[in-house]
Amino acid sequence: MTCHCDGTAVPSPPPPVVRSPHERAVFARGRGAQDRVADAITAFAGSMAFVYVHIVWFAVWILLNEGLAGRGAVFDPFPFGLLTMIVSLEAIFLSTFVMVSQNRQATRDNIRADLAFETNVRSEVWSAHIGRALGLDPEEVERNVRQLVAESRARMGVTPPAVTPAAEPPRS
């Protein structure tokens, strides 16, 4: 509640209704157990812990197979064919998990882009309606926007997109 100068209470306006879903919520709905496992494996494979585990694993494997613990402990003598095969299989599986995670991230990026586009369209429509209610000339505003965008791109050294700009704002 807010108060007027004369002391009368005025109800606060309700909070605005947000109509666009959050991309995390949209993305989470399509994510299954296999996706979570692939993400966990990819996250671990991209960490320094993964590197340290492999350093220790390779060192122990090589030292055991060079006879450090005695000839009876050797199970994969030089040139370590079993180790090579295991590492090759691991690389194949890890690359698959990374590609699965990358595909899902691309899907997430598409969801994010779709929601951003929807938000931008909503903003543009609301701005056009507010501008019209304020008595602003939409063509003049659009000319100013295009000029500012062109100047900004020129300062950044960016060439304009090949897409033709949208027509004038919607009328109601």
Side-chain angles (χ1 to χ4, degrees), residues 14-128 142 145-167 169:
V17 177
V18 177
R19 290 180 172 83
S20 296
H22 195 282
E23 61 91 10
R24 287 185 186 154
V26 173
F27 181 71
R29 282 193 295 266
R31 193 168 177 237
Q34 292 176 348
D35 297 328
R36 285 190 292 279
V37 169
D39 287 342
I41 291 171
T42 301
F44 176 66
S47 70
M48 286 307 293
F50 181 81
V51 174
Y52 299 142
V53 165
H54 279 74
I55 289 171
V56 170
W57 175 34
F58 292 152
V60 169
W61 188 289
I62 290 169
L63 291 174
L64 278 175
N65 287 293
E66 284 296 318
L68 185 69
R71 285 279 135 210
V74 175
F75 58 92
D76 184 26
F78 185 82
F80 315 117
L82 180 60
L83 177 63
T84 302
M85 183 187 71
I86 291 171
V87 170
S88 296
L89 286 172
E90 180 186 40
I92 290 167
F93 282 110
L94 284 177
S95 64
T96 303
F97 287 124
V98 168
M99 287 188 288
V100 166
S101 291
Q102 285 176 337
N103 288 342
R104 207 171 27 272
Q105 187 61 41
T107 300
R108 186 176 190 167
D109 291 342
N110 287 339
I111 291 169
R112 187 177 292 137
D114 289 346
L115 291 173
F117 176 76
E118 181 181 328
T119 301
N120 290 338
V121 169
R122 287 176 187 272
S123 296
E124 188 170 346
V125 169
W126 274 98
S127 296
E142 183 61 27
V145 167
R146 288 181 186 189
Q147 179 183 352
L148 288 171
V149 168
E151 290 172 3
S152 177
R153 285 187 174 140
R155 278 194 305 274
M156 292 186 301
V158 176
T159 58
V163 179
T164 57

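- Around CD of Glu151, the count of heavy atoms belonging to other residues, nucleotides or ligands within 6.0 Å exceeds 12.
- The stretch residues 64-115 participates, sequence neighbours left out, in these ring pair (Phe, Tyr, Trp, His ring centres under 6.0 Å) pairs: Trp61-Phe75, Phe78-Phe80.
- The shortest heavy-atom contact between Leu64 and Ala69 is CD2-CB, 3.7 Å.
- For the atom pair CZ (Arg112) and OG1 (Thr119), the distance works out to 12.5 Å, reported to the nearest 0.5 Å.
- Side chain to side chain, Gln105 and Asp109 meet the donor-acceptor criterion of an N or O pair below 3.5 Å.
- The main-chain N or O of Gly32 is found under 3.5 Å from a side-chain atom of Asp35 such that the two form a donor-acceptor pair.
- For residues 82-97, the pairs satisfying side-chain hydrogen bond (donor to acceptor under 3.5 Å, both in side chains) are His54-Glu90, with sequence neighbours left out.
- Atom CD1 of residue Ile62 and atom CH2 of residue Trp57 lie 10.5 Å apart, to the nearest 0.5 angstrom.
- Atom CD1 of Ile41 is separated from atom CZ of Phe50 by 10.5 Å, given to the nearest 0.5 angstrom.
- Rounded to the nearest 0.5 angstrom, Arg71 CZ and Asn65 CG are separated by 9.0 Å.
- How far CD of Glu118 is from OG of Ser123: 10.5 Å, rounded to the nearest 0.5 Å.
- Side-chain atoms of Phe44 and Leu94, non-hydrogen and from C-beta on, never get closer than 4.5 Å to each other.
- Here the shortest heavy-atom pairing between Gly81 and Asp76 reads N-OD1, 3.2 Å.
- Within the structure, side-chain hydrogen bond (donor to acceptor under 3.5 Å, both in side chains) pairs that include any residue of residues 38-51 comprise Arg31-Asp39, Asp39-Ser101, Asp39-Arg104, Thr42-Ser101 (at least two apart or interchain).
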